[in-house]
Structure formats: C-alpha cells, structure tokens
Amino acid sequence: MQLEASGLRLNRGRFSLCVDNFSVKGGEIVGIGGPNGSGKSTFLRLLCGISAPESGVVRLDGKDMRRFPRIEIARHISLMGQEIPMPFALSVNDILRTSAYSNPQNEDRVEEILDICSISALRYRDYNTLSGGEKRMVLFAASILQDAVILLMDEPGTYLDPDRERIIFSVIEELRDKGKSIVLVLHDISALHRYSDKVCLMREGKTVGFGPKNEIMTEENLKTAFGLPFRTYDSPEGRRFTYTF
Amino acid sequence: MDILKSTLGTSSQLMSSLKWITAVGALVLVTIFSLFLGQVNIPFQDVLRIVEEQIFPFSNAYPRSGAYWVIVVELREPEILGAMVIGSTLAVGGAVIQSVFRNPITEPYIIGISSGAALGAVVVLDFGITILGIYSLQIIAFTFSVATVMVVYLGAFRKGRVPLTYLLLTGIAVSLFISSFVAYLIFTNLKLQNMVWMWLMGSLAQITWTELVIAFAINWLTIFIVALYWKELDSLQLGEEYASSVGINVERTKLMLILLVTLSTSICVSISGLIGFVGLVIPHVSRIIYGGSNRVTIPAAMVIGGIFLILCEDIANIAITQEVLPIGIVTGVIGAPFFLYLLSRMAGGGYAT
Amino acid sequence: MENRMIAIIVALVLVASGLSFYAVSNAGNVAGSGTFNAPAPNLKVIKVTDSAGRTFYFPGPVKRIVSLDPSATATLYAIGAYNYLVGGNEFDSYPPNETLPNVGNSYSVNYEELVNLQPQVVLGYGATMPTYGVYINNTLHIPFLLDNPNSFSQIENETLMLGNLTGCYHNATLVVNWMQKSLSYLRNSTASITPAEEQTVFYYLDNYGGYWTAGNNTFFQSYFNIAHLRNVATQNGYYTINPEIIVNSSPDIILLDQYVPYSAVNVTPFNTTNAYYSNHVYAIFNDSFFDEPDFRAVYAVAWLIEETSNPLILNNFPIFPINLPYPPSYGWN
C-alpha cells in the first residue's frame with residue numbers, strides 16, 4: 001500500500017509548510033529529519049489526515065484521503081505521536097484496547113505484542129505510574145497493535161534506554177521486512193541514516209531533499225537543513241556517521 | 001459484552017464481579033430501606049402492604065387512598081426513584097465530561113447547563129409564568145439550559161473544530177454572563193429570594209411521577225448510549241490527536257457526547273434544581289473503586305451516583321425534625337469527607353502521582 | 001459499529017413505545033388546572049375564589065386546614081375558626097404559643113407531615129403561585145388557596161373568604177366592619193394635615209448588601225398614605241435605594257425594621273438627616289403587624305400616627321368586637 005503527498009501547503013501564522021512530493025511504499029522505511037521547528041511533526045499529521053492541508057492532496061493507495069472516513073484511515077495508517085498523554089486512571093490494558101478501535105485484535109495478538117515489546121508485566125498497571133520510557137513503550141505497543149499497513153512514528157526512541165531503543169528499532173525493521181510502510185521522524189542524524197531506506201530532510205517547512213538516504217544525506221544537504229557544517233564518515237558496515245565542527 | 005465475558009475467570013476477575021454484585025445489591029437495599037424512612041412514622045406492615053398493592057393492583061392489600069398511601073406512593077417513591085435517576089445521570093455526565101475535557105475538575109454544569117437552567121427558573125419564578133401549564137418552570141429551565149449549551153458550543157467553533165480550551169473558557173464566560181442576569185433578577189425581587197435560593201440549592205421534594213417517567217426514559221437511554229461509547233471516551237482521555245489516529249471522528253463524537261450529557265443533565269436540573277458535588281466527585285469514586293476505563297467507570301458511576309443521592313435524600317428528610325434540608329447541602333456535607341477518606345485510603349496509581 | 005447502532009435503535013424504540021404507553025394510559029387522568037368540578041347545583045356547596053382567580057367548591061364548611069400563611073392563621077383565630085387548623089407554619093406569630101405541627105414556611109414544605117395531617121385545604125401566600133402550591137394542588141390533590149393582599153380592601157375580601165370557607169361568616173363580617181371603622185377613624189385623625197405639613201419618611205427595611213426600603217405599591221406605602229407621611233422612596237416595590245437620595249431628601253422620620261439596629265443610623269447617609277438630628281428614628285414595635293397583611297395591620301397605621309402626629313390616637317380607638325384570649329393588639333406594649 002502506498003502513501004503519497006503532492007503539492008501540500010499549510011500556513012500557520014509565521015510558519016508555512018510546503019511539501020511538493022513525498023511517498024512511501026510497502027517494505028520501506030522513510031526517515032524525516034531536520035532541526036526543531038522544521039515542520040516534521042506537522043507534516044506527519046498531514047500525512048495521516050489529522051490536519052488538513054490548505055492545498056495539495058494526500059493519496060492513500062491512489063485515492064484522495066479526504067474521501068475516507070476517519071475509521072477507514074485508521075485501519076490503514078497508525079500514528080505514534082511525540083507527546084505522552086495523561087489520562088486519569090487508565091491501565092496499560094485499557095490503552096491497548098483503544099488502539100485496536102479500528103481493527104479489533106484477539107487476546108493472543110495482544111499478548112504477543114506485549115511480549116515482543118517486553119512489557120507483559122505492565123499490562124494491568126496504571127499508565128500514570130509508569131516511567132517515561134515505559135510509557136513510550138506502551139504507546140509503541142499500542143501503535144503496533146492498531147495493525148495498520150502504514151505506520152507513522154514521531155521520535156519513537158525518545159526517553160528510551162539503549163536496550164529498549166534497540167527493541168523498538170528491531171521491531172520496526174521486522175515490520176518493514178513484512179511489507180509495512182513506515183515513516184519515522186528522527187532528529188538524531190546517525191539514527192536517521194541507520195534505520196531509514198529513504199530520507200526526507202526538512203528546513204523551515206520546506207523539503208531540502210527526498211530520496212535514497214545516501215544520496216540525500218550529503219554534507220551539503222545537511223548543512224542546508226541544519227545550518228551547520230557537517231563531516232560524514234561511512235563505516236565498512238555501511239553506516240554513516242556525522243559530526244559537526 | 002466484555003463484562004459478561006470477564007465474569008468468569010481469574011481471582012481478580014472474581015473480585016471485580018463481587019464488587020459489582022455488592023454495588024447493585026447496595027442500590028437495591030438502599031432503595032427498599034428508604035421506603036421505610038421519613039418524618040412520619042409509618043408502621044412496617046403498612047409499607048409492605050402498600051407496596052404489595054402496587055405490585056399486584058387491586059389485590060385489596062391496602063386501600064388506595066389515605067395519608068399513608070399518599071405518603072408512600074406520591075411522596076417517598078418518587079423521591080427515591082428521582083434521587084436514583086438524577087444521581088446516576090449527574091455522575092455519568094461527570095464521567096463523560098471529565099473524559100472529553102481530559103480534566104478531572106470539570107462537571108456537566110461547566111458548559112452552561114446550570115446557569116442556563118437557573119436563568120430559566122428565575123425568569124419563571126420572577127414573572128410568574130404559567131403559560132406552559134404546571135410544568136412551566138421545568139420546561140423553560142430545560143429550554144434555557146439546552147439553548148445556553150448551544151450558544152457555548154457554537155461560540156467555541158473555530159475552523160470546523162471545537163477546541164477544548166475554547167469550549168471550556170467559552171462555557172465559563174457565558175455562565176458568568178448569564179449568572180449576572182440571574183443575580184440581577186434575584187436582587188430586584190426581594191420576595192422571591194427565598195424561593196430562588198431554595199431552587200438553586202436543589203430539592204427533590206416536589207418531584208412527580210410524570211417527571212420521573214420522562215427522566216427515567218430519556219436519562220437511562222442516554223446513559224445506555226453513552227456507555228456504548230466507552231472506547232471513544234477512553235481514547236479522548238488520551239488526547240484528541242491520539243483519538244483521531246486510532247480512528248475516531250473526534251468532532252462528531254464530542255458533539256454527540258456533549259449533546260447526550262446536555263439533554264440528560266438539563267432534565268435533571270429542570271426537575272431538581274442545582275444539585276452539586278455528584279457530577280464532580282462520583283466519577284472519581286467510581287474510578288478509584290472500579291478502575292479508570294469508561295467501560296467500568298460509567299456503569300459504576302450510574303450505580304454509585306444513585307446510591308449516594310438516595311442516601312443524601314434520606315438524610316435531608318430526617319436530619320432535622322419537621323424540616324426538609326436542601327439536598328445540595330447534604331451532598332457536600334456527606335460527600336466531601338467521604339471522598340477525602342476514599343482518596344487517602346484507596347487511591348493509588350494515577351491519583352497518587 | 002453496526003452492533004452499536006442496532007443497540008441504540010432498539011433502545012430508542014423500546015423507550016418510545018414505553019413513553020407512548022404511559023401517555024396513553026394516563027390520558028384520562030392528566031392533572032387539571034386546580035379547579036374542582038362543580039357538584040350538582042341543588043347541594044348546599046361553598047364556593048370560594050383565591051387571589052390567583054381560581055375557583056374551588058367544597059361540600060360544606062372546611063374543618064381541617066393547614067396554614068402556610070401567618071396572616072391566614074391570625075384571621076382564622078380572630079373569626080373563631082382556630083380549632084379547624086391542624087397544621088401551622090414556622091412564621092406564625094399570632095396567636096402566640098402555637099402548639100400546631102409545623103408544616104413548613106414560605107419556601108419549604110414538609111410534605112409528609114402535610115399529607116399525614118389530611119387537611120381539606122391548604123392556605124398559602126405569594127405574589128405568584130409558588131411551586132410548592134402547584135405541587136400540593138396538582139400532585140397531592142389538596143386544594144391550595146393563594147392569598148396575596150395588596151390593599152386593605154383585599155384584606156377584607158380575604159377575611160370574608162376565610163369566613164365563608166369555615167362557616168364563620170358572621171364573625172368575619174364583624175372583623176371587617178371593625179377594620180373599616182378603625183381605618184376611617186384613623187383617616188379622620190390625619191385629615192387636617194395639609195400636603196405642605198406632611199413629614200417625609202424613610203423606611204429602613206434591611207441593611208444587608210445595601211439600603212433596602214419599601215417604595216410605591218407596597219403595603220408600607222398604604223400605611224404612609226393614611227398617616228399622611230411622604231415616602232422618600234418613590235420607585236415601585238422593594239429595592240436598595242441610592243444613599244445620595246437619603247442624604248438629599250433628608251427624611252424627617254426614619255423607621256427601622258426590627259432587625260436593623262439603632263446604630264445603623266449613626267453613619268452616612270443617615271447621620272445628616274433631619275430625623276437623626278431631631279431623634280425621630282423609630283424602631284418598628286413588632287414586625288408581624290407590619291409585614292403580615294391581615295386585620296391587625298390597622299394597628300401598624302395607628303402606631304405610625306401615634307409616633308408621628310397624634311400621641312393620643314389610641315384613646316378613642318374602636319373596640320374589637322370579638323372577645324379573644326389574646327386581643328388583636330397583643331404584642332404592642
């Protein structure tokens with residue numbers, strides 16, 4: 001299933017977003033990078049139809065997304081937002097139940113996902129009593145449980161210990177290998193290169209470049225996006241490290 | 001259906017079904033117990049026979065007239081059932097509004113219901129309006145209340161959305177605006193001050209069977225529908241963006257829920273005046289005892305709200321010889337310490353962080 | 001989702017059919033407007049009309065009465081129908097030492113006690129029909145008679161109505177005649193006061209949240225008219241008067257309600273008035289004479305005249321025609 005955006009325009013006071021061309025298809029991870037305030041999260045909200053663009057169109061499987069009812073969109077696209085919600089007294093289990101709103105899931109599936117994310121022990125705990133990292137793991141599990149084919153994730157790795165971060169990204173890669181389309185917003189440049197197949201760099205609401213990661217994440221583009229001089233270094237394993245000076 | 005499924009199973013599920021049996025049993029007991037309680041001491045046997053005559057009409061168990069018959073059938077029963085349905089409605093309304101606004105200190109009155117109804121009631125009392133028959137006050141209070149919420153809702157409309165903060169603040173602003181008119185009308189009519197004051201504090205003493213039938217039919221229907229929306233309510237507690245992302249049409253759901261709460265709460269307020277505390281606190285009591293998901297909070301609020309208001313009504317009726325206290329005084333005096341106790345002894349989890 | 005819609009529709013249909021069943025089954029006995037059907041004309045029935053204009057029929061003199069109206073209690077006592085009272089109210093003050101069950105006050109009623117007393121009629125008062133009156137009349141099906149006298153002639157009508165209701169009509173006419181005689185005696189005593197000689201008066205009703213007073217179209221105004229006093233409050237009804245008006249008009253007399261202390265006139269705007277300098281500040285001797293519109297209100301006027309123009313007014317005052325253990329002037333020392 002393919003998600004494409006073309007000619008998106010959105011004005012919010014001083015900030016304006018302008019994305020002419022973007023797409024993600026099955027079996028690929030697209031990373032969105034850029035400095036704070038460059039419009040990454042706003043763009044993500046446009047992609048799943050929570051915000052509406054002033055002009056331009058987002059197409060889901062070739063059809064204009066505005067024609068889908070909300071629940072139909074949720075069956076195809078899930079969004080893991082950046083914020084940590086604060087319910088009064090919902091348990092982890094209650095939260096997982098809400099995420100299966102559009103695609104009801106059976107008990108085995110819930111247990112499997114809790115197990116994969118290694119949060120089975122937290123299932124009946126009150127969400128508010130969890131640590132920040134545990135809360136993010138719960139939201140990640142909820143996002144997977146929604147069982148959409150397109151997964152949008154805004155900074156999935158924040159607040160997480162290295163071991164948990166590794167669980168998350170290995171799950172994401174596994175989902176990619178199963179044919180899901182994944183869009184990640186990552187501000188960490190090394191992680192952006194490491195986990196993405198394609199990269200979209202943004203600055204002040206505009207795309208600096210969109211394409212295969214090695215072509216886009218050049219020293220020149222990074223400088224345009226972040227406003228700092230970068231040096232890149234490719235390791236033998238194919239990872240690209242960057243540093244500023 | 002999930003409730004049925006979960007009644008059999010692990011010991012924690014057994015505990016939870018015990019909690020439910022206790023609650024419903026307590027409601028039934030309190031209801032029956034209250035029939036025997038009042039200022040006039042009616043012998044136990046008489047009450048039993050009156051109820052028997054009602055259940056088996058014309059079985060000649062008790063003559064269908066006389067003071068005892070009227071006291072039990074026309075005074076006590078409507079009051080008890082009225083307390084039950086109004087307590088349930090206010091508590092469920094509170095649970096819904098708190099979830100929609102993601103704010104633990106809101107209650108149904110906040111979106112303009114109370115001030116609108118108060119204006120309607122004061123206008124009727126002040127000008128002696130009777131054009132709508134004996135239920136003029138109720139009908140006009142209800143109309144004003146619903147109209148006020150509509151003004152608040154439309155006033156908070158921004159670009160096809162109703163942002164919660166706008167809605168909350170518009171509700172408060174409109175309420176204050178209307179309250180000034182209420183205050184002015186009360187201020188300018190010295191003779192009506194007592195009457196309006198009593199209405200503002202809430203009372204169930206004048207409830208009639210006709211009002212009860214309407215309240216039960218519409219309010220239980222709205223509670224039933226609202227209970228079916230528990231997944232939406234849970235999701236809304238996690239934020240509008242989250243709810244949207246899991247597939248909920250947030251604006252339509254919000255409108256629907258606010259409409260249902262306005263309808264049912266306005267009916268309560270127009271019948272009984274402003275009974276405070278129930279809508280604010282009973283949802284929290286329900287969450288503390290039964291858990292935070294609206295799957296359980298709403299039925300629990302319905303049962304606990306009913307029990308609580310029936311008990312308050314009993315106390316209001318018998319606390320002072322020959323007098324009836326406004327129920328609004330009792331709900332606060334009894335409810336606040338109880339809530340504080342519960343908060344300190346039982347609340348864990350989210351209430352402690 | 002579909003299941004939920006079906007559940008909602010089923011519930012809607014159930015409720016709608018239940019409500020329509022209730023409406024149909026109750027169509028025959030919808031509560032009426034409060035009037036009772038007239039019985040066959042050949043019977044000797046009592047017909048009374050209350051201040052709300054509603055007509056009631058009773059098969060004979062009423063022997064069980066609950067009074068939520070202190071004026072009605074006093075009137076029933078005067079006309080010899082006090083024995084018919086089975087329930088009184090919190091504000092009853094005359095006759096003193098009441099031993100009747102207290103059924104409530106002007107805003108809260110103990111319905112269980114009321115029903116338990118099995119009255120044939122409930123007497124209440126108010127400018128408009130109070131909500132508890134509607135409830136007593138339409139739900140408890142006990143006739144609720146509203147009283148709202150705005151003048152002495154309406155007090156007379158109310159007195160005659162209560163006489164008719166209880167079969168004490170003769171005594172009621174005696175009371176009314178005494179009222180008329182007393183009022184013309186009082187009018188005569190002040191007839192010589194010309195408009196230029198009239199003293200100005202301010203009635204200090206309450207000091208809570210402002211300077212509450214009584215203006216036009218109040219009972220106090222009719223007292224002032226007979227006593228030839230000119231009220232400085234000229235707006236309609238009871239209201240909080242602007243203190244500048246008190247300073248500017250500088251009333252010759254200030255009347256204090258029972259609950260307003262003398263010390264209240266030691267401050268602005270009262271401490272510059274004629275009344276303050278000449279010490280013409282009078283505390284009302286007993287609220288119930290002034291606030292309760294019944295036959296005893298003539299003593300309120302008599303007191304006003306005694307204090308302001310004719311100290312000897314009581315010397316030739318008409319004697320009350322009925323011998324009562326507590327005479328009507330009880331409470332005026």
Side-chain angles (χ1 to χ4, degrees), chain A residues 12 41 44-45 47-52 54 68-104 107 124-131 135 138-139 142-143 145-148 151-154, chain B residues 1-2 5-6 9-10 12-13 16 94-95 98-99 101-106 159-161 229-253 283-297 346-353:
Chain A
R12 287 272 162 83
S41 300
L44 217 55
R45 278 197 288 273
L47 278 182
C48 66
I50 285 176
S51 304
E54 277 151 21
F68 291 94
R70 194 61 244 167
I71 189 157
E72 202 57 43
I73 295 174
R75 285 191 183 119
H76 297 106
I77 306 174
S78 72
L79 170 72
M80 179 188 174
Q82 199 179 1
E83 282 166 22
I84 296 182
M86 297 204 299
F88 314 134
L90 291 184
S91 70
V92 170
N93 195 42
D94 296 329
I95 290 177
L96 292 178
R97 245 198 295 246
T98 63
S99 71
Y101 179 80
S102 54
N103 295 324
E107 183 63 16
Y124 295 103
R125 287 270 302 277
D126 188 318
Y127 180 78
N128 286 319
T129 62
L130 305 181
S131 72
K135 284 178 181 169
V138 171
L139 293 178
S143 172
L145 190 67
Q146 192 172 332
D147 209 20
L151 289 89
L152 314 180
M153 295 185 172
D154 200 346
Chain B
M1 294 309 101
D2 294 36
K5 216 184 290 173
S6 66
T10 65
S12 75
Q13 282 166 333
S16 106
Q98 287 170 2
S99 285
F101 283 101
R102 277 182 290 144
N103 186 337
I105 56 161
T106 47
K159 294 179 185 171
R161 288 185 63 231
Y229 275 79
W230 64 269
K231 279 185 186 167
E232 279 86 345
L233 283 166
D234 281 3
S235 309
L236 282 171
Q237 259 193 48
L238 294 159
E240 292 198 359
E241 183 178 303
Y242 180 89
S244 220
S245 75
V246 299
I248 288 158
N249 188 330
V250 171
E251 291 306 317
R252 205 173 62 194
T253 308
H284 291 302
V285 175
S286 311
R287 286 188 197 107
I288 288 169
I289 302 178
Y290 289 89
S293 169
N294 286 285
R295 183 175 69 94
V296 289
T297 304
M346 293 185 68
Y351 284 97
T353 54

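Proteins get letters first, then strands, A, B, ... in listed order; numbering begins at 1 in each.
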Output a table of donor-acceptor pairs, distance under 3.5 Å, between side-chain atoms of residues 81-96 of chain A and any protein atom two or more places apart or on a different chain; print 'none' if there are none.
| from | atom 1 | to | atom 2 | distance (Å) |
| --- | --- | --- | --- | --- |
| A:Ser91 | OG | A:Asn93 | N | 3.4 |
| A:Ser91 | OG | A:Asp94 | N | 3.2 |
| A:Ser91 | OG | A:Asp94 | OD2 | 3.1 |
| A:Asn93 | OD1 | A:Arg123 | NE | 2.9 |
| A:Asn93 | OD1 | A:Arg123 | NH2 | 3.0 |
| A:Asp94 | OD1 | A:Arg97 | NH2 | 3.3 |
| A:Asp94 | OD2 | A:Ser91 | N | 3.0 |

Heavy-atom pairs under 4.5 Å with chain A are the metric here; pick the option from [options] that has the most.
{"options": "B:Gly292, B:Ser293, B:Gly247", "result": "B:Gly247"}
{"options": "B:Ser99, B:Ser235, B:Ser245, B:Gly291", "result": "B:Ser245"}
{"options": "B:Asn103, B:Leu236, B:Asp234, B:Ile248", "result": "B:Ile248"}

Sidechain-backbone polar pair: [X] side chain, [Y] backbone, donor-acceptor under 3.5 Å:
{"X": "A:Gln146", "Y": "A:Ala74", "answer": "yes"}
{"X": "B:Ser244", "Y": "B:Glu241", "answer": "no"}
{"X": "B:Gln237", "Y": "B:Asn294", "answer": "no"}

* Checking B:Glu240 against chain A: side chain, backbone, both or neither under 4.5 Å from a heavy atom? -> neither

* **Residues in side chain to side chain contact (heavy atoms under 4.5 Å, CB included) contact with B:Arg252, at least two apart in sequence or another chain** =>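 For B:Arg252, the residues satisfying side chain to side chain contact (heavy atoms under 4.5 Å, CB included) (neighbours in sequence not counted) are B:Asn249.
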
* **Region of A:Ala148 that comes under 4.5 Å of a non-hydrogen atom in chain B** => neither

* Between A:Arg125 and chain B, which part of the residue has a heavy atom less than 4.5 Å away: side chain, backbone, both or neither? ->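 Contact with chain B: none, neither part.
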
